[in-house]
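Positions are given from 1 along the sequence.
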Amino acid sequence: YHWPSGNLSHELAGCRSKLLAVTGLEDAVGTLAGGLAGTWRKAVRRADIAAEHVARVPQMYGRAVLLVGHSLGGRIALNAAQQCRRPFRNVTALAPAVSEKRMDWQRLRRGSTSTPAVVWSKNDIILKAAYKLGQLTTTPALGACGPQGYADGLVRSVPCAEWGGK
């Protein structure tokens, strides 16, 4: 992540918007272009560090804010909501590049004043293939399979059947 000031906390403190959108597109492109496994692990470490900073946003603003993330940004959003001291107004993760094994659904639910949403698609080619290669796992990304039964009532599962092709 390339922040103009070089400091994520400084950038977030200067942000005036009630909506914080986090995207992992830049790192995803770098992952595909520059050696999947090593670059992916670096991108994941950076995303997890970013989540620690993003988790402080509601406290910095003094009010609940909306948090939306896509891909690695979805990972950041879900991890930040699990770590925050003051809840976000809502958390939405679009095709999050994170394993369900990393989710503490109770903590995630406490991190949002409304039910968090995970938007996913079984047709997401990147998450079906590249995620598994980068993570060196057979476990699917949450964005490719959606939350399973034990998340019922704690998170809203939003399947997108047409997303990523047919």
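Separation of atoms OG (S121) and CD1 (I126) is listed at 12.0 Å; rounding is to 0.5 Å. Note that the OG atom of S157 and the CH2 atom of W120 stand 5.5 Å from one another [nearest 0.5 Å]. We find the CG-CE distance between L142 and M103 to be 6.5 Å, quoted to the nearest 0.5 Å.
Paired with L78 under the rule side chain to side chain contact (heavy atoms under 4.5 Å, CB included), one option of V98, T92, L67 passes, and it is V98.
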- Query: For V65 and R89, what are the C-alpha separation, side-chain angles and deciding distance, and is it a side chain to side chain contact (heavy atoms under 4.5 Å, CB included)?
  - Reply: CA-CA 5 Å; V65 296; R89 183 172 173 195; 5.8 Å; no

- Message: Pair D152, W105 - check side chain to side chain contact (heavy atoms under 4.5 Å, CB included), show working.
- Response: CA-CA 9 Å; D152 284 347; W105 298 114; over 6 Å; no

- Item | Stepwise side chain to side chain contact (heavy atoms under 4.5 Å, CB included) check, R75 with D48 | CA-CA 8 Å; R75 178 189 189 99; D48 291 344; 2.9 Å; yes

- Message: Please evaluate residues Q83 and R56 with respect to the criterion side chain to side chain contact (heavy atoms under 4.5 Å, CB included), reporting the C-alpha separation (whole Å), side-chain torsions for both, the decisive distance (0.1 Å), and the verdict.
- Response: CA-CA 9 Å; Q83 299 173 36; R56 295 186 221 137; over 6 Å; no

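Contact record, P116 with L154: CD-O, 3.4 Å, taken as the closest heavy-atom pair. Among all heavy-atom pairs drawn from P87 and P58, the shortest one is O-CB, 3.7 Å. Across all their heavy atoms, A77 and G69 have their closest contact at CB-N, 4.2 Å. Pairing each heavy atom of N79 with each of R102, the nearest pair is ND2-NH2, 3.4 Å. Contact between A81 and C84 at its shortest, heavy atoms only, is O-SG, 3.3 Å. Residues A141 and A97 come closest through the heavy atom pair CB-CA, 4.4 Å.
Ion pair D104/R110 not flagged as a salt bridge, since none of the NZ, NE, NH1 or NH2 atoms sits closer than 4.0 Å to an Asp/Glu carboxylate oxygen.
Between the side chain of S112 and the backbone N or O of S114 there is at least one donor-acceptor pair closer than 3.5 Å. In terms of modelled atom types and a separation under 3.5 Å, the side chain of R86 and the main chain of G62 share a donor-acceptor contact. A donor-acceptor pair is defined here as one N or O able to donate and one able to accept, closer than 3.5 Å; no such pair exists between the side chain of R156 and the backbone of A117. With hydrogens and angles ignored, the 3.5 Å screen pairs a side-chain donor or acceptor of E100 with a backbone N or O of Q148.
At a threshold of 4.5 Å between non-hydrogen side-chain atoms, the residues V44 and L72 count as touching. Counting only heavy atoms from C-beta outward, the side chains of V54 and F88 approach each other to under 4.5 Å.
Not a single side-chain hydrogen bond (donor to acceptor under 3.5 Å, both in side chains) links S99 to another residue, sequence neighbours left out. For P140, the side-chain contact (heavy atoms from CB on, under 4.5 Å) partners are K132, C145, not counting sequence neighbours.
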